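Read the numbers this way: they start at 1 and go in the same order the structure lists the ligands and their atoms. Since the model is a prediction, treat every value here as computed from it, not as a measurement.
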Amino acid sequence: MTMADIGTAPTAPHWETLFQRLLAEMDGRTSPDWQADVAGLDPALYTDPARFGRERERLFRRLPLCLGPVDQLREPGSVMAREICGVPVLIARSREGHVKVFLNVCRHRGARLVNEEGEPCRRQSLICPYHGWTYRLDGTLAGLPRAEAFPAIEKHTLGLRELPSQVRHGMIWAVLDPTASAPDIAAFLGPLDRDLAAIDLGSHRLYRQHAIKRAANWKLIVEAFLEIYHLTRLHAGTIGPFFPDAVSVSDAVGPHIRFLAARERTVDIRGLPPESWSPQHHGTLVHFVMPGSLFIYHPDYISHLGLFPSAPDETLFVHSMLTPEVPSDEKTETHWARSFELIDGGVFNGEDLPTCEQIQRGLGSGANERLIVGRLEQNLRRFHASLDAALG
Ligand code: FES
Ligand SMILES: [Fe+2]
C-alpha cells in the first residue's frame, strides 16, 4: 500500500446516505437536531458517588469493554497487565497465539501476578511473587512450592479466573464479570459491526499507544468527542483549520452513536461518484460504543480511545493509534510519528483532556445549576438518553 491509497476504505452502502445528509446540512441546517430545545445537564451527573457506583455496576461491569487492539500483544507467549475500572486484568497471548483475558489475581491468597502496568512482557509462565504459585499462559495452575502443605488441593480448579472475551475486528472485548456468559460482539455492536468491517478495522496494526489517568469524569471525556461545536475554537491552532464550523450528522445506533463530521474537503464529493466517498478522507467518521469506547477515523489512521473510570473524577484514557500497516520506511514512520504527536500530545492531551479536567474542577463551584446543551451538541442528549436507558 502506498501513502496515496491509505484510508480509502470501501464505502458501506449507508455511508452514501450519510454523506447526502451531510451535504444537505452544509447547504442549510435542516436536520431534526435544529428542532431541539436547549437542554440542561445536572452537574451532579459527573460528581455524585452513588451515580458513579451505578454506572460502574450496570455499565462497566456488565457490558463488553473494548480493551484495545489484539496487537498490543504482538508476540506469542506474552502478557499485559492493566487495571481496568479498578479491576486488575491480565491479557495473555499463548505460544499458540490464542488471546485470553484473566483477572490478574493469584488463586492462593490474591496477590497480583504481573505488576508491569500496560507493558507487554514475554513470559514462559506466570509466577506469583508472593509464594511462587505458577500458572501457564492458558491460565492453568502448573505448580506450587511445598505442595505437601496443601493435601486436599485440586489443581485443576485453581486456574486463573478468566473473563469472558472475544477478539473481533482486531480488538479485544471482555466483560469484567467472570461469571458472565461469553459476549456476542457482533450482536452487541449491531449495525456498527458492518461499519467496522467496511472500514477494515481488523487489518489495522497498532502503531503506538498512550495510557494516562486524567482527573475528569469519564462522561465529560466522551462528550468532548461527541460534538464538534468546539473544534474550530478549542483546536484553532491544531486540527481546527481542516474543518468547517460544526457541520455533522449523527444517529443513535442502539445504545451507540454514529457521527459523521464534515471536513473542508467534504465539498469535493459533489464531483465524485458515491463509491469513492470516503468517511476518512471526505469527512471524519466517529463511532461511540457504549459505555466507554470511541473510534475516530482520521484520513490515514484510526484512533481508538478506551475510557476506564476508577472514580467519579478519575478516568484511565488509553489511546491506541492504528495504522493500515506497520511503517516500512523512514518517511512513513516520520509521518505517523508526527501525526501521533499532533493528535495525542497536541489535541487530546494538550487541548481536550485539560479542558475536561478544568470542567471537573469547576463543577463544584456552584457557577452552573445546569450545563447548557444547544442544537450543535445534540449527541450529548443521545448519549444521556442511552445512559438513562441502560441504567434503568
Ligand atoms: S498469593 Fe500468590 S502464591 Fe500466595
Ligand atoms: Fe476536541
TODO: Check step by step if salt bridge (Lys or Arg N to Asp or Glu O under 4.0 Å) holds for Asp251 and Arg382.
DONE: CA-CA 8 Å; Asp251 294 300; Arg382 291 185 182 91; 6.0 Å; no

- [ ] Report the C-alpha distance between Phe348 and Leu305 in whole Å, list the side-chain angles of each, state the deciding distance to 0.1 Å, and finish with yes or no for side-chain contact (heavy atoms from CB on, under 4.5 Å).
- [x] CA-CA 10 Å; Phe348 298 164; Leu305 312 181; 3.7 Å; yes

- [ ] Give the intermediate values and the outcome of side-chain contact (heavy atoms from CB on, under 4.5 Å) for residues His98 and Asp138.
- [x] CA-CA 8 Å; His98 304 302; Asp138 65 2; over 6 Å; no

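Take the Fe ion (ligand 2) as the corner point: the lines to OD1 of Asp352 and to NE2 of His235 open at 90°, to the nearest 10 degrees.
Cluster partners of Ile153, using a side-chain heavy-atom cutoff of under 4.5 Å among ILVMFWY residues and allowing indirect links, are Val79, Leu90, Phe102, Leu113, Val114, Leu126, Trp133, Tyr135, Leu137, Leu141, Leu144, Phe150, Leu158, Leu160.
Of all protein N/O/S atoms, those under 2.8 Å from atom 4 (Fe) of ligand 1 are His108 ND1, His131 ND1, and waters are not counted.
Between Tyr301 and His204, the ring center distance fails the sub-6.0 Å criterion.
In this structure, Arg214 is not positioned above the aromatic face of Phe317 in the sense of NZ or CZ being under 6.0 Å from the six-membered ring centre and within 45° of the axis.
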